[in-house]
Amino acid sequence: MKILVCIKQVPGTTSVEIDPETGVLKRDGVESKMNPFDLYAVEQALILQEKYGGNVDVITMGPAQAKAVLEEAIYMGADRGILISDRKFAGADVVATSYTLSQGIKKAGQYDLILCGKQTTDGDTAQVGPETAEFLDMEHVTNVKEISAVEGYEVLVTENQENCFRKIRLKTPCLLTIEKDVNSPRLPSYKRKTEMKNPDIVELSLSDFEDVNEENYGLLGSPTQVERIFPPEKNESRQLFEGPGRELGDRIFEILKLKKFVV
Ligand SMILES: Cc1cc2nc3c(=O)[nH]c(=O)nc-3n(C[C@H](O)[C@H](O)[C@H](O)COP(=O)(O)OP(=O)(O)OC[C@H]3O[C@@H](n4cnc5c(N)ncnc54)[C@H](O)[C@@H]3O)c2cc1C
């Protein structure tokens with residue numbers, strides 16, 4: 001079974017700066033780590049590999065420093081890393097990120113299963129998995145809490161949508177986004193780290209893709225763009241009402257109605 005896990009490098013700190021011109025996160029030089037949700041996806045892939053054999057590759061799109069998360073996944077047990085990196089990919093929104101990933105995946109090889117984390121801790125849209133699957137014309141299920149069986153060309157999964165569980169059987173190749181807390185991600189192995197002098201990492205850029213049209217990538221290929229980033233305005237004005245509870249309730253209701261918070 002060939003499994004590919006999509007992992008993203010996210011800021012490891014809350015003090016990140018945003019470029020006021022472009023509205024893009026300044027990622028260079030910022031302390032970074034693997035998106036915590038992706039650890040569960042990597043662990044899930046390694047569990048499947050132990051059970052059914054095969055390979056586990058990991059892929060990321062990001063600047064050169066994103067190579068660190070590929071290495072971390074390889075030290076956890078993955079076989080190969082794929083870094084998709086090119087200045088032309090900078091400033092990508094969800095559509096452009098998913099399209100770039102789909103192009104990179106096509107180039108990387110054929111996989112039975114593609115796993116993603118449920119969401120990231122920075123962009124946090126939870127849309128990259130499903131959109132990548134659509135670009136790859138692949139069946140997909142989100143918020144997977146369990147992969148109970150792999151039988152021939154089928155996988156049996158349980159999805160968790162707001163505590164409503166559904167068992168779904170789908171054909172491979174397919175893409176699943178993995179819920180958090182479904183396993184205990186293993187730590188990177190110190191032994192693997194010291195033994196592997198050069199972890200197997202392939203680098204892909206725009207010129208390696210099937211579609212080399214720059215307009216489909218990065219800021220140019222992003223239908224959504226940040227116009228302005230600003231902290232929410234602070235409003236410290238307040239009104240104090242006194243009186244019996246019922247009367248106060250009615251007054252507050254009237255105010256909320258006036259402000260159109262309730263109808
Ligand atoms: C309206 C809007 C506008 C935006 N505009 C900009 C912008 O102008 N510039 C900008 O820099 N950012 C922008 N972003 C953020 C950017 O779109 C996201 O960081 C990026 O699309 C990834 O989405 P996400 O972090 O929400 O991933 P999610 O969908 O939450 O991630 C789910 C899973 O997808 C996989 N995944 C996600 N990203 C990657 C990746 N890079 N490599 C490998 N796997 C991945 C991981 O498995 C992850 O767990 C914007 C976001 C929105 C919503």
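Every number for a ligand or one of its atoms is a count from 1 in the order of the listing. As the structure is a computational prediction, the values presented were derived from the model and not from experiment.
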* Quick one: do Leu101 and Leu70 end up in the same hydrophobic cluster if we chain Ile, Leu, Val, Met, Phe, Trp and Tyr together by side-chain heavy atoms under 4.5 Å apart? -> no
Do [X] and ligand 1 have an N or O pair less than 3.5 Å apart?
{"X": "Lys8", "result": "yes"}
{"X": "Leu101", "result": "no"}
{"X": "Phe37", "result": "no"}
{"X": "Met61", "result": "yes"}
{"X": "Leu115", "result": "no"}

Atoms of ligand 1 close to [X] [distance to a heavy atom under 4.0 angstrom, numbered from 1]:
{"X": "Thr97", "result": "20 (C), 21 (O)"}
{"X": "Asp93", "result": "17 (O), 21 (O)"}
{"X": "Gln127", "result": "29 (O)"}
{"X": "Asp122", "result": "25 (O)"}
{"X": "Thr224", "result": "1 (C), 2 (C), 3 (C)"}
{"X": "Thr60", "result": "42 (N), 43 (C)"}
{"X": "Ile7", "result": "42 (N), 43 (C), 44 (N)"}
{"X": "Asp38", "result": "46 (C), 47 (O), 48 (C), 49 (O)"}

* **Nearest neighbour of atom 12 (N) of ligand 1 from the list Gly104, Ala92, Gly123, Gly91, on a heavy-atom basis** => Ala92
* Among Val226, Val128, Val10, Asn35, which one has a heavy atom closest to atom 35 (C) of ligand 1? -> Val128
* Of all the heavy atoms in Ala126, does at least one lie under 4.0 Å from an atom in ligand 1? -> yes
* Can you find a non-hydrogen atom of Ser222 under 4.0 Å from ligand 1? -> no
Would you confirm whether [X], through its side chain, and [Y], through its main-chain N or O, come within 3.5 Å as a donor-acceptor pair?
{"X": "Ser148", "Y": "Val157", "value": "no"}
{"X": "Asp93", "Y": "Gln225", "value": "no"}
{"X": "Lys197", "Y": "Thr194", "value": "yes"}

Using a 4.5 Å cut-off on heavy atoms from C-beta on, say whether the side chain of [Y] contacts that of [X].
{"X": "Ile3", "Y": "Asp112", "value": "no"}
{"X": "Val5", "Y": "Tyr111", "value": "no"}
{"X": "Ile255", "Y": "Phe241", "value": "yes"}
{"X": "Ile47", "Y": "Arg186", "value": "yes"}
{"X": "Glu203", "Y": "Lys67", "value": "yes"}

* Can you label the angle between the Tyr217 ring and the Tyr99 ring as parallel, tilted or perpendicular, going by 30° and 60°? => tilted
* Check the surroundings of atom NZ in Lys2: do more than 12 heavy atoms from other residues, nucleotides or ligands lie under 6.0 Å from it? => yes
